[in-house]
Chemist: 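Structure incoming, see below.
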Amino acid sequence: MTADSSHFKRRDLLKAAAVGSSGLLLAGCDAMNENATFRSALRVAESLNHATQRGLMDRAALAPEFDPSDISPVFKTNGSITGNSAEYLQHAAENFANWKLRVDGLVASPLDIGLDALKAMPARSQITRHDCVEGWSAIAQWRGTPLRYLLQQAQLSPRAKYIVFHCADSYGAIPYYESIDLVDAFHPQTILAWGMNDDILPVKYGAPVRLRVERQLGYKQAKYVMRIEATDDLTKFHGGKGGYWEDVGDYEWYAGI
Ligand SMILES: Nc1nc2c(c(=O)[nH]1)N[C@H]1C(S)=C(S)[C@@H](COP(=O)(O)O)O[C@H]1N2
Ligand SMILES: [Mo]
């Protein structure tokens, strides 16, 4: 058997497993497969062992989605309840009319995209449960732009391994930031949310945009995102562990649920 045909066989098995366990899972995989970079990441994964492949399939599964009647009447806030950089405060005073999201790093075509242009892109709405590591949960509806569309538009480099989210709030002198790998970046429920519960995203919940990465815990859901940077090396940012709380040493980088 050639290496190629064994690849095909393995891929068919993976697909069959996906169909068997959940049609939703397959839909998730198809959305990820749209992207050449993600496909090449998968090809690397295919040369790994079966346990690793199973792990990848599990990570493609969708987080549970709920009904409008399940939305929590009160959604707690945690951490910062506003950005605090001078730049952010200026944008907030202007209702974010002149705010632009920067997408750069390992991309062929960096973007500076305003809120209206972001909202004009295809959007996804989802009602999901937010789980904070401190032991509380709440359900809300989030509406926003799937991250994969932005990465595709910016022409993510095949060298990219992680996506870093730079936020407009800092704890003392240390800015909040977070990062995810490409499996989560291309997950169909990973969105940059600009809407919450059929309204525009309020400042206390992260306006103008916050990350929703639904298969991970609350601290990964970066609020006040100003810049998205693709990289192959997390150690060069701040404390080097890929996120504010990770650097502090309190929480793990991968917070899968
Ligand atoms: N920029 C920024 N993002 C952040 C935080 C923060 O302090 N700053 N806190 C995190 C934590 S621990 C949680 S539980 C959620 C809280 O989101 P909420 O305030 O919308 O409930 O945001 C996460 N994202
Ligand atoms: Mo949290």
Side-chain angles (χ1 to χ4, degrees), residues 63 66 70-92 96 99-103 115 118 125-145 147 162-181 184-185 187 189-229 234 237-239 241-257:
F66 298 84
D70 298 318
I71 292 174
S72 305
V74 177
F75 197 107
K76 203 173 125 60
T77 56
N78 208 18
S80 301
I81 51 167
T82 180
N84 58 9
S85 69
E87 191 191 353
Y88 180 89
L89 295 172
Q90 178 69 37
H91 285 307
F96 305 105
W99 172 90
K100 282 194 161 66
L101 175 71
R102 175 104 186 131
V103 183
L115 207 44
L118 201 59
S125 171
Q126 58 206 31
I127 301 175
T128 53
R129 196 187 62 218
H130 175 106
D131 295 311
C132 173
V133 71
E134 291 170 10
W136 57 274
S137 298
I139 293 174
Q141 181 235 28
W142 305 100
R143 185 188 301 278
T145 313
L147 179 62
Y162 308 100
I163 307 298
V164 178
F165 302 85
H166 299 283
C167 304
D169 58 317
S170 47
Y171 284 63
I174 310 173
Y176 200 93
Y177 79 108
E178 259 305 340
S179 60
I180 59 177
D181 67 11
D184 272 327
H187 189 285
Q189 288 169 318
T190 298
I191 62 174
L192 281 177
W194 36 256
M196 181 184 186
N197 296 342
D198 280 331
D199 213 335
I200 58 167
L201 182 69
V203 163
K204 62 181 176 175
Y205 298 110
V209 294
R210 75 155 330 146
L211 176 65
R212 291 302 311 173
V213 49
E214 302 292 359
R215 298 291 314 282
Q216 294 209 50
L217 288 172
Y219 61 90
K220 303 297 286 189
Q221 322 295 326
K223 308 199 273 190
Y224 318 112
V225 176
M226 302 292 275
R227 176 177 172 208
I228 295 175
E229 186 176 355
L234 290 179
F237 300 95
H238 306 291
K241 297 210 172 96
Y244 175 82
W245 288 112
E246 292 87 330
D247 287 344
V248 169
D250 284 4
Y251 306 132
E252 296 293 317
W253 177 73
Y254 184 67
I257 47 179

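Here the structure is a predicted model, which is why all the values come from computation and not from measurement. Both ligands and their constituent atoms are indexed starting at 1 by order of listing.
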Chemist: With heavy atoms under 4.0 Å as the rule, classify the contact between Phe165 and ligand 1 as side chain, backbone, both or neither.
Modeler: neither
Chemist: Using non-hydrogen atoms of the residue, decide whether Arg210 is closer than 4.0 angstrom to ligand 1.
Modeler: yes
Chemist: Under 4.0 Å, heavy-atom basis, I'd like to know which part of Gln221 is in contact with ligand 1: side chain, backbone, both or neither.
Modeler: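 Within the 4.0 Å criterion, Gln221 contacts ligand 1 through backbone atoms alone.
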Chemist: List ligand 1 atoms under 4.0 Å from Tyr224, heavy atoms only on the residue side.
Modeler: 1 (N)
Chemist: Check for me whether His130 has a heavy atom closer than 4.0 Å to any atom of ligand 1.
Modeler: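 It does; at least one heavy atom falls under 4.0 Å.
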Chemist: Is a donor from one side chain sitting under 3.5 angstrom from an acceptor on the other, for Tyr177 and Asp247?
Modeler: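 A pair is found: one side chain offers a donor N or O, the other an acceptor, under 3.5 Å apart.
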Chemist: Please list, in number order, the atoms of ligand 1 under 4.0 Å from a heavy atom of Lys76.
Modeler: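 Listed by number with element: 18 (P), 21 (O).
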Chemist: Look at Glu246 together with Lys220 and state whether they make a salt bridge at an N to O cut-off of under 4.0 Å.
Modeler: yes
Chemist: Please confirm whether Trp136 comes under 4.0 Å of ligand 1, counting heavy atoms of the residue only.
Modeler: yes
Chemist: With backbone taken as N, CA, C and O and side chain as the heavy atoms from C-beta onward, which portion of Tyr244 lies under 4.0 Å from ligand 1: side chain, backbone, both, or neither?
Modeler: neither
Chemist: Ligand 1 versus Asp169, non-hydrogen atoms closer than 4.0 Å: side chain, backbone, both, neither?
Modeler: side chain
Chemist: Heavy-atom distances under 4.0 Å decide this one: backbone, side chain, both or neither, for Ser80 against ligand 1?
Modeler: both
Chemist: Determine whether the side chain, the backbone, both or neither of Tyr219 has a heavy atom under 4.0 Å from any heavy atom of ligand 1.
Modeler: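 Answer for Tyr219: both.
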Chemist: Hey, which atoms in ligand 1 end up nearer than 4.0 Å to a heavy atom of Cys167?
Modeler: 1 (N)
Chemist: With nothing but distance in play, are any N or O atoms of Asn78 less than 3.5 Å from an N or O of ligand 1?
Modeler: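 Yes, there is a polar N/O contact under 3.5 Å.
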Chemist: Has the side chain of Asp184 got a donor or acceptor atom that lies under 3.5 Å from a matching backbone atom of His187?
Modeler: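 No; judged by distance alone, with no hydrogens or angles, the pair does not exist.
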